[in-house]
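Everything below concerns the one structure shown next.
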Amino acid sequence: MNKKKVTEQLGFWVLRLCVGITGLILLIILFDIVTKGIGKVSWRFLVESPRNGMTEGGIFPAIVGTFLVTMLTAVFAVPLGMGCAVYLNEYADDNVFTRIIRMSIRNLSGVPSIVYGLFGVVLFVQMMRIGTCVLAAGLTLGLMTLPWVITASEEALKNVPQSYRNGALALGATRWQAIRSNVLPYSISGMLTGTILGLARAAGETAPILFTGAAFFLPFLPKSPFEQFMALPYHLYIMVTQHHSLETARPIAYATALVLIALICSMNMFAVILRYKLRKQKKE
Amino acid sequence: MHQTKIEVRDFNFFYGDQRALKDIELDIYNNKVLGIIGPSGCGKSTFLRSINRMNDTIAGARVNGTMLIDGQNIFSEKMDVVELRRKVGMVFQKSNPFPKSIFDNVAYGLRVNGRKDKAYIEHKVEESLKDAALWEEVEDRLSVSAFDLSGGQQQRLCIARALAIEPEVLLMDEPASALDPTATAKVEELIQELKKKYTIVIVTHNMQQAARISDYTAFFMLGELIEYNETQKIFTNPEKKITEEYITGRFG
Ligand SMILES: Nc1ncnc2c1ncn2[C@@H]1O[C@H](COP(=O)(O)OP(=O)(O)OP(=O)(O)O)[C@@H](O)[C@H]1O
Ligand SMILES: [Mg+2]
């Protein structure tokens with residue numbers, strides 16, 4: 001009896017320790033970045049271009065570039081991925097062929113991002129002759145995000161009870177009518193949440209945009225999808241490793257990291273709020 | 001003789017390798033109530049779901065033999081399943097309201113069938129809810145979620161939902177299993193009323209109910225149709241001993 005209690009207590013403490021260590025690591029990273037970066041972050045840092053060999057000024061073009069390329073990623077990956085998930089989950093039979101497709105999609109989400117980067121160069125930049133630009137980078141990131149969107153959307157669709165579908169079919173609804181009125185409304189929040197998390201991940205990636213369109217330094221914003229752009233993660237990479245005066249660049253790098261983290265966190269927050277809102281709405 | 005609505009010949013149903021229905025032969029007559037009785041797991045629901053092809057959604061399900069409705073083969077490639085299900089309504093064994101308002105639940109079938117006329121929809125919703133003996137309990141809260149209703153109310157809501165599209169055949173899988181005596185009586189009354197217009201197939205575990213409401217009774221066991229006859233004959237003078245044992249509760 002007593003021994004059981006001790007084991008139980010011990011087990012709990014081990015688990016608590018796991019949580020504690022993980023939390024602590026995260027906190028240290030955050031603390032380091034915030035304390036070293038916050039001094040540099042100001043309104044002007046956010047809305048000005050880099051100046052003086054990137055030792056002064058702000059990161060405005062990088063913010064805009066990341067925003068644009070993420071939008072393109074979404075435009076490409078969201079409809080395609082959601083459509084794919086609806087087809088796989090609602091229409092496709094469960095056979096060898098669809099199982100292979102599913103397995104491939106799962107595997108694709110584990111492919112390192114640098115591989116997507118190389119693939120993007122070959123396919124979009126060279127074969128399709130799009131050149132290195134916002135579009136090529138957006139498509140490359142889109143490819144990378146696609147498996148995430150599909151997997152998250154399929155999970156969300158699976159959570160809709162079968163009886164919603166059958167009930168609709170038994171009333172003479174077509175399959176599409178059943179999906180539109182009785183499946184999508186109850187899975188869209190899950191689909192969107194997963195999708196936004198995938199996009200947030202894409203926004204922070206460097207490797208896929210490295211060869212497909214991100215620029216070292218540009219004094220102007222891209223005026224069309226066929227121009228190069230600056231992006232936050234790439235800018236950060238440059239400031240940390242490639243700058244001619246790493247010491248001067250260090251605070252700017254920290255501030256850039258802070259902005260990038262803030263951006264990604266707010267996307268994730270948005271996903272959480274969206275899910276909460278839609279859930280509440282559904283209950284009413 | 002009565003007019004045959006649905007004709008079943010040599011009908012077999014398989015879940016993968018498991019044969020759930022074996023050589024079923026029976027006729028379902030127009031404007032009559034067919035009661036289906038039998039022990040749990042004998043294939044009553046499977047039989048019902050075959051008639052409106054709801055078994056289509058089950059992976060590995062297979063049929064052979066014939067099942068005709070108005071002379072047309074239900075399982076033929078030419079059969080329009082959506083059309084079939086409009087004609088053959090169904091109340092499921094487990095009540096399955098949609099997470100929508102009471103009104104939208106009942107209006108669902110009308111809307112997917114292209115009815116847009118608001119006045120008609122409102123009229124039909126009210127009529128269906130009245131027929132299902134639910135109207136008085138919900139008339140002042142049609143816009144609340146169907147999930148806020150009690151289990152028995154949800155079951156009646158599902159009946160109302162099926163009635164709204166005026167099917168020719170109505171399949172009811174234990175529609176009274178969660179109802180109190182008053183509501184049960186109302187639903188039974190409704191069935192008597194409905195058979196003037198519709199053909200009804202009802203599964204029930206309640207022998208008195210089967211005797212009261214059905215014109216014909218089919219007794220299933222282990223996937224086989226043991227006996228099928230006019231209800232009166234089945235309940236007063238069954239041909240097989242096992243039928244008698246089952247309906248008198250001396251079974252097993
Ligand atoms: N989706 C399914 N997949 C595989 N087997 C099934 C499925 N549904 C039913 N069965 C099997 O088919 C047989 C008949 O089931 P069915 O649901 O038709 O019985 P039932 O007579 O309606 O029983 P109950 O009175 O308990 O509702 C059972 O042996 C059951 O295990
Ligand atoms: Mg059943």
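Note on naming: letters A, B, ... go to the chains in the order of the sequence lines (proteins, then strands), and numbering restarts at 1 for each one. All values derive from a computational prediction rather than experimental measurement.
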> Arg53(B), Met54(B), Lys87(B), Met90(B): which one forms the most heavy-atom pairs within less than 4.5 Å of chain A?
Replying inline: Met54(B)
>> Taking CG in Asp80(B) as the centre, count heavy atoms belonging to other residues, nucleotides or ligands within less than 6.0 Å. Is the count above 12?
In response: yes
>> Less than 4.5 Å to any heavy atom of chain A: does that hold for the side chain of Pro97(B), its backbone, both, or neither?
In response: backbone
> Taking only residues two or more places apart in sequence or in another chain, which ones pass side-chain contact (heavy atoms from CB on, under 4.5 Å) with Ile24(B)?
Replying inline: Val8(B), Phe11(B), Leu21(B), Leu26(B), Phe47(B), Phe220(B), Leu225(B)
> If you count heavy-atom pairs under 4.5 Å with chain A, which of Lys94(B), Arg85(B), Arg111(B) comes out on top?
Replying inline: Arg85(B)
> Which answer fits Arg161(B), side chain, backbone, both or neither, if we ask what part of it has an atom under 4.5 Å from a heavy atom of chain A?
Replying inline: both
> Is the number of heavy atoms from other residues, nucleotides or ligands within 6.0 Å of CZ (Phe67(A)) greater than 12?
Replying inline: no
> Do any of residues 58-79 of chain B have a heavy atom less than 4.5 Å from a heavy atom of chain A, and if so, which, in residue order?
Replying inline: none
> So which bits of residues 112-128 of chain B come within less than 4.5 Å of chain A, counting non-hydrogen atoms only?
Replying inline: Val112(B), Asn113(B)
> Going by residue number, which parts of residues 155-178 of chain A are within reach of chain B, meaning a heavy-atom gap below 4.5 Å?
Replying inline: Ser163(A), Tyr164(A), Asn166(A), Gly167(A), Ala168(A), Leu169(A), Ala170(A), Leu171(A), Gly172(A), Ala173(A), Thr174(A), Gln177(A), Ala178(A)
> Side chain of Lys100(B), backbone of Asn182(A): donor and acceptor closer than 3.5 Å?
Replying inline: no
